[in-house]
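Below is one structure, written out as structure tokens; the observations come after it.
Residue numbers start from 1 in every chain, and the chains themselves are labelled A, B, ... in the order their sequence lines are given, proteins ahead of strands. Treat the numbers as computed from the prediction; the structure is a model and nothing was measured.
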Protein chains: 2
Amino acid sequence: MTRRHNRTRAERGIPEATVARLPVYLRALHSLQERGVVTVSSEELAAAAGVNSAKLRKDLSHLGSYGTRGVGYEVDYLIYQISRELGLTQDWVVAIIGVGNLGRALAGYGGFASRGFRVAALLDADPAVVGAEIAGLTVRHIDELERVIDEHGVSIAVIATPASAAQALCDRVVAAGVTSVLNFAPVVLSVPEGVEVRKVDLSIELQILAFHEQRKAGGPGESAADDWSKGLSGHGDGPRRERPPGTSEYIEAVEA
Amino acid sequence: MTRRHNRTRAERGIPEATVARLPVYLRALHSLQERGVVTVSSEELAAAAGVNSAKLRKDLSHLGSYGTRGVGYEVDYLIYQISRELGLTQDWVVAIIGVGNLGRALAGYGGFASRGFRVAALLDADPAVVGAEIAGLTVRHIDELERVIDEHGVSIAVIATPASAAQALCDRVVAAGVTSVLNFAPVVLSVPEGVEVRKVDLSIELQILAFHEQRKAGGPGESAADDWSKGLSGHGDGPRRERPPGTSEYIEAVEA
DNA sequence: AGACGTTTGTGAACACGCGCACAAAGTCAC
DNA sequence: GTGACTTTGTGCGCGTGTTCACAAACGTCT
């Protein structure tokens, strides 16, 4: 409210774009570490991470001066510093809400457990799955949401429910004190200030690919139905005009 | 190669950032359409999509002048125009490579089928799943990759394999003529110019959340092990110094 | 027909991020 | 110890994206 600019901007200095790349560097560093590499130059690390080397150096310089001129970066040390900056030196308790196809995949996803993220609970509304054991956890009923969050000290909620249920559940986890949400449901969640939401949308990525794919093929307008008289914008008085191909029904659920 | 700048930039005018938002607008519009809304103002649509209204208007203006001043945008018409621009008025043939937990979830994901994306094939290397029927499709062996791509005219490949297999498979699909790849494996894929790759990384999103969560709690350095003598950067001559907590083993696979 | 309120489309200022290029700082060889 | 080489850290210019604010355009009401 009293913030000068508008958002969580440069509060303590690390640009958002940099934060988004740190996990990529971290992954590349772990890969090097496994291969027994002790020291790496910005050029090599940048290549492994798929970025420009100047960008990498500038990113790392935001964390501090952890390199050695003429040599490069010590892999172990850099891993430690990035992990610390990202908050991976402590454990984060995660709850997965919605145990459909996607929720199940997430529960079994190795990338969560092995990076300081401990999946402590699975919740669902469907009586058919409540009580089932998945990835070593017993699925709890969604009614117990608040109790489970409090019990385990959940700080990150992963929403993997159908779109129709997402906002209501988001409101509940936020009310229960969770301030970070990872949303897989295809809706824009609205949350109070101070709560961080990140969205992963599988179909959006595909649509972006389709756009580029189409452009390679010569841009839009290749299909037959290109004309559509704009009409007189009546307030629903006249009959609905014919729908062009492609405007099918709305995607409802994140799981089939 | 002979491109003036460097990339697929402003080739025909629509900024990349705009393209990334069009699917979001499209989703909001479908939601309005379902509720029977005929006309919508930029202010309302922007709120539904979670963006600034000026940004929305500028985004839409890149497609053309499809609004009516004093009134707003006709929902049906705008849906059609955005769909056309994104290339959703035609069907895109998709192949999913890797039928683990995630691949299975993707195969059953309703958001693909109902937006002009037709999943035509599932492939895997594991003999235990080859031949199985999932989401109405029989899983084919990865050896048949090139044949399957050619048979169905696949134009988008979805890679949902362990990280170790991803690059090799990516090379194969590209060699087979695919120019769009959606990558779920936690690696940076390198592809020749002209091939579009988009990456979805579940654990990266969590790590970004952890960063913000930590900052709310007072920034890094809260944990005990904060000091790490930088050492003399020897070339692997001395004994490895003790590792701080959190630098565990490398995440290998996208599925557990 | 004309005045009024509403909403689009966009010009202009601003903020952000990227990449080049280079000085500073370190290592290594002798 | 000195010089040559390597690599980091960063100042700077540029392009992209975002936001404000407003004139032009449209519908509506009298």
Item to check | Pair A:Glu213-B:Ser180, side-chain hydrogen bond (donor to acceptor under 3.5 Å, both in side chains): steps then yes or no | outcome: CA-CA 7 Å; A:Glu213 193 69 23; B:Ser180 291; 2.4 Å; yes
Item to check | Those residues that, when tested against B:Ala48, pass side-chain contact (heavy atoms from CB on, under 4.5 Å) (two or more places apart) | outcome: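 By the side-chain contact (heavy atoms from CB on, under 4.5 Å) rule, B:Ala48 matches B:Ala28.
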How close or far is atom [atom2] of [N] from atom [atom1] of [X], stated in whole angstroms?
X	N	atom1	atom2	value
A:Lys55	C:dA21	NZ	C1'	17 Å
A:Tyr66	D:dT10	OH	P	13 Å
B:Glu44	C:dT6	CD	C1'	12 Å
B:His62	C:dT10	NE2	C1'	10 Å
B:Leu78	C:dT8	CG	P	11 Å
A:Arg57	C:dA23	CZ	P	15 Å
B:Leu63	C:dT8	CG	C1'	14 Å
A:Leu56	D:dT10	CG	C1'	14 Å

Checklist entry - Do A:Arg57 and A:Ser42 have side-chain N/O donor and acceptor atoms under 3.5 Å apart? => result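 A:Arg57 vs A:Ser42: donor-acceptor pair found between side chains.
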Checklist entry - Do we see a donor-acceptor contact under 3.5 Å between the side chains of A:His212 and B:Arg198? => result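 Side-chain D/A pair, A:His212 to B:Arg198: absent.
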Within the structure, does a side-chain N or O atom of [X] lie under 4.0 Å from either OP1 or OP2 of [N]?
X	N	answer
A:Asn52	C:dC20	yes
B:Lys58	C:dT10	no
A:Tyr73	C:dG26	no
A:Ser42	D:dT8	yes

Checklist entry - With a 4.0 Å cut-off on heavy atoms, is A:Ala54 in touch with a base, just the backbone sugar-phosphate, or nothing at all? => result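 Counting heavy atoms under 4.0 Å across all strands, the contact made by A:Ala54 includes a base.
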Output a table of nitrogen or oxygen pairs between the protein and nucleotides 24-26 of chain D separated by less than 3.5 Å.
from: D:dA24; atom 1: N3; to: B:Arg69; atom 2: NH1; distance (Å): 2.9

Checklist entry - With nearest nucleotides of DNA chain D determined for B:Ala17 and A:Ser61 from heavy-atom distances, which residue corresponds to the more 5′ nucleotide? => result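 Taking each residue's closest nucleotide, the earlier one in sequence belongs to A:Ser61.
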Item to check | B:Phe184 and B:Leu106, any side-chain heavy atoms less than 4.5 Å apart | outcome: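 The answer is yes, as the side chains (C-beta and beyond) meet within the 4.5 Å cut-off.
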Next on the checklist: Nearest to the side chain of A:Arg21, heavy atoms from C-beta on, is which of D:dG9, D:dG17, C:dC18?
Outcome noted: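 Nearest to the side chain of A:Arg21 among the choices is C:dC18.
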Item to check | Ring centres under 6.0 angstrom apart (B:Tyr66, B:Tyr77) | outcome: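 Yes, close enough.
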Checklist entry - Is a donor on one side and an acceptor on the other found under 3.5 Å between the side chain of B:Ser83 and the backbone of B:Ile79? => result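 Looks like yes, one N/O pair under 3.5 Å.
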